[in-house]
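Single-structure report; data block below.
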Amino acid sequence: MTATIIDGKAFAATVRARVATHVAALKSDHDLTPGLAVVLVGEDPASQVYVRNKGKQTAEAGMASFEHKLDVATSQKDILSLVDQLNADPEVHGILVQLPLPDHVDSAEVINRISPAKDVDGFHISNVGLLGTGQKSMVPCTPLGCLMMLRDHHGSLSGLNAVVVGRSNIVGKPMAQLLLGESCTVTIAHSRTKDLADVCRGADILVAAVGRPEMVPGDWVKPGATVIDVGVNRIPHPEKPGKTKLVGDVDFASASAVAGAITPVPGGVGPMTIACLLANTVTACCRANGLPEPEGLTA
Ligand code: GUN
(Lines give C-alpha, C1' and ligand atoms only; values in the text may rest on other atoms or scores of the structure.)
Protein backbone atom coordinates (compact mmCIF):
# COMPACT_ATOMS: atom_id res chain seq x y z
CA MET A 1 0.00 0.00 0.00
CA THR A 2 1.14 3.54 -0.64
CA ALA A 3 -0.38 6.02 1.76
CA THR A 4 -2.42 9.07 0.83
CA ILE A 5 -0.39 12.11 1.81
CA ILE A 6 -2.38 14.46 4.04
CA ASP A 7 -1.26 17.86 2.78
CA GLY A 8 -1.16 20.08 5.86
CA LYS A 9 0.20 23.02 3.92
CA ALA A 10 -2.79 23.06 1.56
CA PHE A 11 -5.27 22.36 4.38
CA ALA A 12 -3.79 25.16 6.51
CA ALA A 13 -4.31 27.54 3.57
CA THR A 14 -8.02 26.61 3.50
CA VAL A 15 -8.27 27.17 7.29
CA ARG A 16 -6.58 30.57 6.92
CA ALA A 17 -9.00 31.44 4.08
CA ARG A 18 -11.92 30.48 6.37
CA VAL A 19 -10.41 32.68 9.10
CA ALA A 20 -10.05 35.60 6.68
CA THR A 21 -13.72 35.23 5.62
CA HIS A 22 -14.85 35.32 9.28
CA VAL A 23 -12.60 38.30 9.99
CA ALA A 24 -14.05 40.22 7.03
CA ALA A 25 -17.59 39.48 8.25
CA LEU A 26 -16.76 40.54 11.83
CA LYS A 27 -15.43 43.82 10.46
CA SER A 28 -18.29 44.58 8.11
CA ASP A 29 -21.18 43.32 10.27
CA HIS A 30 -19.95 44.17 13.76
CA ASP A 31 -17.10 46.68 13.33
CA LEU A 32 -14.82 44.21 15.15
CA THR A 33 -11.22 43.37 14.29
CA PRO A 34 -9.91 40.25 16.06
CA GLY A 35 -6.55 41.07 17.67
CA LEU A 36 -3.71 38.78 18.70
CA ALA A 37 -0.94 39.87 21.09
CA VAL A 38 2.28 37.87 21.09
CA VAL A 39 4.82 38.27 23.88
CA LEU A 40 8.43 37.25 23.29
CA VAL A 41 10.94 37.42 26.13
CA GLY A 42 14.58 37.21 25.03
CA GLU A 43 16.14 36.48 21.67
CA ASP A 44 15.92 32.73 21.13
CA PRO A 45 16.37 32.48 17.33
CA ALA A 46 13.74 29.75 16.80
CA SER A 47 11.19 31.69 18.88
CA GLN A 48 11.94 34.86 16.90
CA VAL A 49 11.14 33.01 13.65
CA TYR A 50 7.88 31.62 15.10
CA VAL A 51 6.82 35.04 16.36
CA ARG A 52 7.61 36.71 13.04
CA ASN A 53 5.54 34.10 11.17
CA LYS A 54 2.65 34.48 13.59
CA GLY A 55 2.64 38.27 13.13
CA LYS A 56 2.80 37.97 9.35
CA GLN A 57 -0.03 35.42 9.06
CA THR A 58 -2.18 37.33 11.57
CA ALA A 59 -1.90 40.48 9.44
CA GLU A 60 -2.53 38.53 6.21
CA ALA A 61 -5.81 37.24 7.66
CA GLY A 62 -6.89 40.85 8.24
CA MET A 63 -6.48 40.69 12.01
CA ALA A 64 -4.66 43.10 14.32
CA SER A 65 -1.24 41.93 15.47
CA PHE A 66 0.45 43.30 18.59
CA GLU A 67 4.04 42.21 19.22
CA HIS A 68 5.71 42.75 22.57
CA LYS A 69 9.41 41.99 22.58
CA LEU A 70 10.94 42.11 26.03
CA ASP A 71 14.55 41.97 27.11
CA VAL A 72 15.76 38.55 28.30
CA ALA A 73 16.30 39.98 31.81
CA THR A 74 12.72 41.29 32.19
CA SER A 75 11.43 40.52 35.68
CA GLN A 76 8.53 38.21 36.50
CA LYS A 77 6.66 41.24 37.88
CA ASP A 78 7.05 43.20 34.64
CA ILE A 79 5.93 40.24 32.49
CA LEU A 80 2.87 39.78 34.72
CA SER A 81 2.02 43.46 34.48
CA LEU A 82 2.19 43.31 30.67
CA VAL A 83 -0.18 40.30 30.76
CA ASP A 84 -2.53 42.28 33.03
CA GLN A 85 -2.45 45.17 30.56
CA LEU A 86 -3.26 42.85 27.62
CA ASN A 87 -6.03 41.16 29.62
CA ALA A 88 -7.65 44.58 30.08
CA ASP A 89 -7.20 45.73 26.46
CA PRO A 90 -10.48 45.40 24.51
CA GLU A 91 -8.60 45.32 21.18
CA VAL A 92 -6.73 42.19 22.24
CA HIS A 93 -8.82 39.01 21.93
CA GLY A 94 -5.97 36.51 22.07
CA ILE A 95 -2.71 36.48 24.04
CA LEU A 96 0.20 34.15 23.36
CA VAL A 97 3.33 34.16 25.50
CA GLN A 98 6.00 32.41 23.46
CA LEU A 99 7.60 29.47 25.26
CA PRO A 100 10.13 28.62 26.48
CA LEU A 101 10.53 31.59 28.81
CA PRO A 102 13.97 32.37 30.33
CA ASP A 103 14.98 30.25 33.35
CA HIS A 104 14.34 32.98 35.95
CA VAL A 105 10.68 33.19 34.91
CA ASP A 106 7.93 31.06 36.49
CA SER A 107 6.17 30.03 33.25
CA ALA A 108 3.15 28.49 34.98
CA GLU A 109 2.42 31.72 36.85
CA VAL A 110 2.67 33.73 33.63
CA ILE A 111 0.42 31.37 31.65
CA ASN A 112 -2.15 31.21 34.43
CA ARG A 113 -2.23 35.01 34.62
CA ILE A 114 -3.63 35.19 31.06
CA SER A 115 -7.39 35.61 31.05
CA PRO A 116 -8.73 32.11 30.15
CA ALA A 117 -10.99 33.70 27.52
CA LYS A 118 -7.91 35.18 25.78
CA ASP A 119 -5.72 32.09 26.22
CA VAL A 120 -5.49 31.14 22.53
CA ASP A 121 -2.78 28.57 23.34
CA GLY A 122 -5.23 26.70 25.59
CA PHE A 123 -2.52 26.30 28.24
CA HIS A 124 -4.30 28.01 31.16
CA ILE A 125 -5.26 25.57 33.89
CA SER A 126 -8.98 26.49 33.45
CA ASN A 127 -8.88 25.59 29.76
CA VAL A 128 -7.01 22.36 30.53
CA GLY A 129 -9.74 21.46 33.04
CA LEU A 130 -12.57 22.41 30.70
CA LEU A 131 -11.13 20.27 27.88
CA GLY A 132 -10.57 17.38 30.30
CA THR A 133 -14.21 17.48 31.36
CA GLY A 134 -15.56 17.82 27.82
CA GLN A 135 -16.65 21.43 28.20
CA LYS A 136 -16.19 24.35 25.82
CA SER A 137 -12.63 25.66 26.12
CA MET A 138 -9.76 27.13 24.16
CA VAL A 139 -8.04 24.11 22.59
CA PRO A 140 -4.23 23.97 22.12
CA CYS A 141 -3.36 24.77 18.51
CA THR A 142 -1.31 21.74 17.47
CA PRO A 143 -3.80 19.07 18.65
CA LEU A 144 -6.65 21.17 17.20
CA GLY A 145 -4.85 21.15 13.83
CA CYS A 146 -4.39 17.36 14.04
CA LEU A 147 -8.08 16.90 14.85
CA MET A 148 -9.15 19.07 11.91
CA MET A 149 -7.03 16.97 9.54
CA LEU A 150 -8.34 13.70 10.99
CA ARG A 151 -11.96 14.84 10.72
CA ASP A 152 -11.39 16.02 7.18
CA HIS A 153 -9.86 12.70 6.18
CA HIS A 154 -12.18 10.31 8.06
CA GLY A 155 -15.43 12.11 8.71
CA SER A 156 -16.49 10.23 11.87
CA LEU A 157 -13.73 8.92 14.13
CA SER A 158 -16.19 7.10 16.39
CA GLY A 159 -15.05 3.71 17.66
CA LEU A 160 -11.57 3.87 16.13
CA ASN A 161 -8.53 2.82 18.14
CA ALA A 162 -6.29 5.86 18.61
CA VAL A 163 -2.80 5.65 20.04
CA VAL A 164 -1.04 8.88 21.01
CA VAL A 165 2.69 8.39 21.56
CA GLY A 166 3.81 11.23 23.85
CA ARG A 167 2.32 12.65 27.03
CA SER A 168 3.20 16.34 26.87
CA ASN A 169 0.81 18.98 28.16
CA ILE A 170 1.03 20.83 24.85
CA VAL A 171 0.27 17.94 22.47
CA GLY A 172 -0.08 14.40 23.85
CA LYS A 173 -2.56 14.93 26.68
CA PRO A 174 -4.89 17.40 24.91
CA MET A 175 -4.76 15.27 21.73
CA ALA A 176 -5.93 12.26 23.73
CA GLN A 177 -8.78 14.31 25.26
CA LEU A 178 -9.91 15.50 21.83
CA LEU A 179 -9.88 11.96 20.41
CA LEU A 180 -11.86 10.75 23.42
CA GLY A 181 -14.34 13.53 22.63
CA GLU A 182 -14.66 12.02 19.13
CA SER A 183 -15.52 8.63 20.73
CA CYS A 184 -12.21 6.98 19.87
CA THR A 185 -10.78 4.30 22.16
CA VAL A 186 -7.66 6.12 23.27
CA THR A 187 -4.30 4.88 24.53
CA ILE A 188 -1.58 7.30 25.63
CA ALA A 189 1.80 5.64 25.18
CA HIS A 190 5.27 7.01 25.94
CA SER A 191 8.94 6.12 26.20
CA ARG A 192 8.31 3.77 29.16
CA THR A 193 5.37 1.92 27.58
CA LYS A 194 5.91 -1.84 27.49
CA ASP A 195 5.73 -3.37 24.03
CA LEU A 196 5.34 0.04 22.42
CA ALA A 197 5.56 -1.51 18.94
CA ASP A 198 2.60 -3.81 19.67
CA VAL A 199 0.58 -0.96 21.17
CA CYS A 200 1.18 1.11 18.03
CA ARG A 201 0.24 -1.82 15.78
CA GLY A 202 -3.26 -1.76 17.32
CA ALA A 203 -3.84 1.84 16.20
CA ASP A 204 -6.30 2.87 13.49
CA ILE A 205 -5.07 6.39 14.23
CA LEU A 206 -1.46 6.77 15.32
CA VAL A 207 -0.31 10.19 16.55
CA ALA A 208 3.43 10.48 17.15
CA ALA A 209 4.44 13.39 19.40
CA VAL A 210 7.58 12.36 21.24
CA GLY A 211 10.31 14.52 19.73
CA ARG A 212 12.57 11.64 18.67
CA PRO A 213 13.65 11.61 15.04
CA GLU A 214 12.12 8.79 12.98
CA MET A 215 11.38 6.71 16.06
CA VAL A 216 8.27 5.02 14.66
CA PRO A 217 9.17 2.58 11.86
CA GLY A 218 6.76 1.21 9.28
CA ASP A 219 6.45 -2.16 11.01
CA TRP A 220 4.82 -0.44 14.02
CA VAL A 221 2.03 0.79 11.72
CA LYS A 222 -1.15 -1.21 11.14
CA PRO A 223 -1.81 -1.59 7.40
CA GLY A 224 -4.23 1.14 6.34
CA ALA A 225 -3.86 3.20 9.54
CA THR A 226 -3.81 7.00 9.56
CA VAL A 227 -0.51 8.36 10.87
CA ILE A 228 -0.20 11.91 12.19
CA ASP A 229 3.40 12.95 12.71
CA VAL A 230 3.77 15.89 15.10
CA GLY A 231 7.56 15.64 15.35
CA VAL A 232 9.85 18.37 14.06
CA ASN A 233 13.44 17.20 14.42
CA ARG A 234 16.54 18.56 12.74
CA ILE A 235 19.13 15.87 11.96
CA PRO A 236 22.43 15.87 10.05
CA HIS A 237 21.58 15.42 6.37
CA PRO A 238 22.27 11.79 5.37
CA GLU A 239 23.52 12.73 1.88
CA LYS A 240 24.74 16.34 2.19
CA PRO A 241 27.66 16.73 4.62
CA GLY A 242 27.39 19.84 6.80
CA LYS A 243 23.68 20.29 6.01
CA THR A 244 20.67 19.41 8.15
CA LYS A 245 17.32 17.86 7.32
CA LEU A 246 13.92 18.19 8.98
CA VAL A 247 12.31 14.86 9.91
CA GLY A 248 9.34 13.79 11.98
CA ASP A 249 8.96 11.22 14.76
CA VAL A 250 7.90 8.69 12.11
CA ASP A 251 10.17 7.04 9.56
CA PHE A 252 8.26 8.38 6.57
CA ALA A 253 9.72 6.06 3.93
CA SER A 254 8.76 2.80 5.67
CA ALA A 255 5.55 4.09 7.30
CA SER A 256 4.12 5.51 4.09
CA ALA A 257 4.44 2.08 2.47
CA VAL A 258 2.06 0.60 5.10
CA ALA A 259 -0.25 3.42 6.28
CA GLY A 260 -3.50 4.36 4.58
CA ALA A 261 -2.78 8.06 5.11
CA ILE A 262 0.11 10.00 6.60
CA THR A 263 1.18 13.58 7.27
CA PRO A 264 4.63 14.50 5.92
CA VAL A 265 7.32 16.53 7.71
CA PRO A 266 7.63 19.30 6.72
CA GLY A 267 4.23 20.22 5.27
CA GLY A 268 1.95 18.25 7.58
CA VAL A 269 1.02 19.25 11.12
CA GLY A 270 3.39 22.26 11.29
CA PRO A 271 1.48 24.68 9.03
CA MET A 272 -1.78 23.79 10.82
CA THR A 273 -0.53 25.11 14.17
CA ILE A 274 -0.42 28.80 13.23
CA ALA A 275 -3.65 28.44 11.20
CA CYS A 276 -5.33 27.15 14.38
CA LEU A 277 -3.85 30.01 16.42
CA LEU A 278 -5.62 32.42 14.04
CA ALA A 279 -8.78 30.29 14.28
CA ASN A 280 -8.65 30.41 18.11
CA THR A 281 -8.24 34.19 18.02
CA VAL A 282 -11.40 34.54 15.89
CA THR A 283 -13.21 32.15 18.26
CA ALA A 284 -12.08 34.22 21.28
CA CYS A 285 -13.26 37.42 19.58
CA CYS A 286 -16.69 35.92 18.82
CA ARG A 287 -17.12 34.59 22.37
CA ALA A 288 -16.00 37.89 23.93
CA ASN A 289 -18.70 39.68 21.93
CA GLY A 290 -21.52 37.19 22.45
CA LEU A 291 -21.49 36.14 18.80
CA PRO A 292 -22.00 32.57 17.53
CA GLU A 293 -18.94 30.30 17.33
CA PRO A 294 -17.27 30.54 13.91
CA GLU A 295 -18.14 27.44 11.90
CA GLY A 296 -15.31 25.10 10.94
CA LEU A 297 -12.75 26.72 13.21
CA THR A 298 -13.41 25.06 16.57
CA ALA A 299 -13.03 21.59 18.09
N1 GUN B 1 6.74 27.46 21.62
C2 GUN B 1 6.71 26.42 20.76
N3 GUN B 1 5.44 26.09 20.44
C4 GUN B 1 4.65 26.93 21.14
C5 GUN B 1 3.24 27.11 21.23
O6 GUN B 1 2.43 26.39 20.63
N7 GUN B 1 2.81 28.10 22.03
C8 GUN B 1 3.67 28.90 22.73
N9 GUN B 1 3.16 29.84 23.52
N10 GUN B 1 4.98 28.77 22.67
C11 GUN B 1 5.47 27.80 21.88
Side-chain angles (χ1 to χ4, degrees), residues 1-20 45-58 60-61 139-154 157 162 164-166 168 170-172 174-175 178-179 200 203 205-218 220-221 224-240 243-280 296-297:
M1 173 178 289
T2 303
T4 302
I5 308 296
I6 300 178
D7 185 345
K9 198 172 164 200
F11 194 51
T14 71
V15 173
R16 288 199 304 274
R18 246 180 264 162
V19 166
S47 292
Q48 283 180 325
V49 174
Y50 289 138
V51 168
R52 205 176 313 131
N53 285 338
K54 283 167 187 167
K56 186 167 163 273
Q57 294 191 25
T58 305
E60 279 169 6
V139 175
C141 303
T142 299
L144 178 58
C146 296
L147 180 70
M148 284 184 183
M149 290 194 286
L150 283 167
R151 277 189 185 147
D152 184 65
H153 185 73
H154 281 266
L157 304 175
V164 179
V165 189
S168 72
I170 294 182
V171 183
M175 186 77 248
L178 288 171
L179 291 165
C200 290
I205 293 170
L206 180 60
V207 181
V210 266
R212 292 206 196 163
E214 300 175 318
M215 181 188 131
V216 177
W220 291 17
V221 177
T226 299
V227 178
I228 305 288
D229 189 352
V230 183
V232 184
N233 310 291
R234 208 166 266 289
I235 60 164
H237 201 290
E239 288 121 34
K240 298 179 188 163
K243 300 263 182 208
T244 59
K245 184 185 177 200
L246 218 50
V247 296
D249 291 349
V250 176
D251 176 38
F252 185 84
S254 60
S256 60
V258 184
I262 187 167
T263 61
V265 177
V269 174
M272 288 298 290
T273 299
I274 298 186
C276 287
L277 174 66
L278 307 183
N280 276 349
L297 297 182

Nearest heavy atoms of P217 and D251, plus distance in Å: CA-CB, 4.1 Å
If you take all heavy atoms of P140 and P143, which pair is closest and at what distance? O-CD, 3.3 Å
Nearest heavy-atom pair of C141 and T273: which atoms, and what distance? CB-O, 3.5 Å
Can you check whether F252 reaches I262 side chain to side chain, under 4.5 Å on heavy atoms? yes
Does N233 reach the main-chain N or O of G248 with its side chain, forming a donor-acceptor pair under 3.5 Å? yes
Check whether more than 12 heavy atoms from other residues, nucleotides or ligands sit under 6.0 Å from atom CZ of R212, and answer yes or no. no
Run the numbers on T142 and M272 for side chain to side chain contact (heavy atoms under 4.5 Å, CB included), then give the verdict. CA-CA 7 Å; T142 299; M272 288 298 290; over 6 Å; no
Under a 4.5 Å cut-off applied to non-hydrogen side-chain atoms, are C200 and V165 in contact? yes
Check for a donor-acceptor pair, side chain of S254 on one end and backbone N or O of G218 on the other, with a separation under 3.5 Å. yes
Interatomic distance, C146 atom SG to M175 atom CE [nearest 0.5 angstrom]: 5.0 Å
Closest heavy-atom pair and its distance - D229, V250: OD2-N, 3.1 Å
Assess whether side chain to side chain contact (heavy atoms under 4.5 Å, CB included) is satisfied between V171 and V164, documenting all intermediate values. CA-CA 9 Å; V171 183; V164 179; over 6 Å; no
Could you walk me through whether M149 and L147 pass the side chain to side chain contact (heavy atoms under 4.5 Å, CB included) check? CA-CA 5 Å; M149 290 194 286; L147 180 70; over 6 Å; no
To the nearest 0.5 Å, what is the distance between OG1 (T14) and CG (D152)? 7.0 Å
Rounded to the nearest 0.5 Å, how far apart are OG1 of T226 and CD1 of I6? 5.5 Å
The reported gap from CG in L179 to CD1 in I228 (rounded to nearest 0.5 angstrom) is 9.5 Å
Stepwise side chain to side chain contact (heavy atoms under 4.5 Å, CB included) check, Q57 with I274: CA-CA 8 Å; Q57 294 191 25; I274 298 186; 3.3 Å; yes
Separation of L277 CG from N53 CG (nearest 0.5 Å): 11.5 Å
Minimum heavy-atom separation for G296 to R18, with atom names? O-NH1, 2.7 Å
Looking at V227 and A259, what are the two nearest heavy atoms and their distance? CG2-CB, 3.8 Å
Do I235 and K245 touch side chain to side chain, with heavy atoms closer than 4.5 Å? yes
Would you give the length of the straight line joining atom NE2 of H153 to atom CD1 of I205, rounded to the nearest 0.5 angstrom? 9.5 Å
Hey, is the main chain of V230 close enough, under 3.5 Å, to the side chain of D249 for a donor-acceptor pair? no
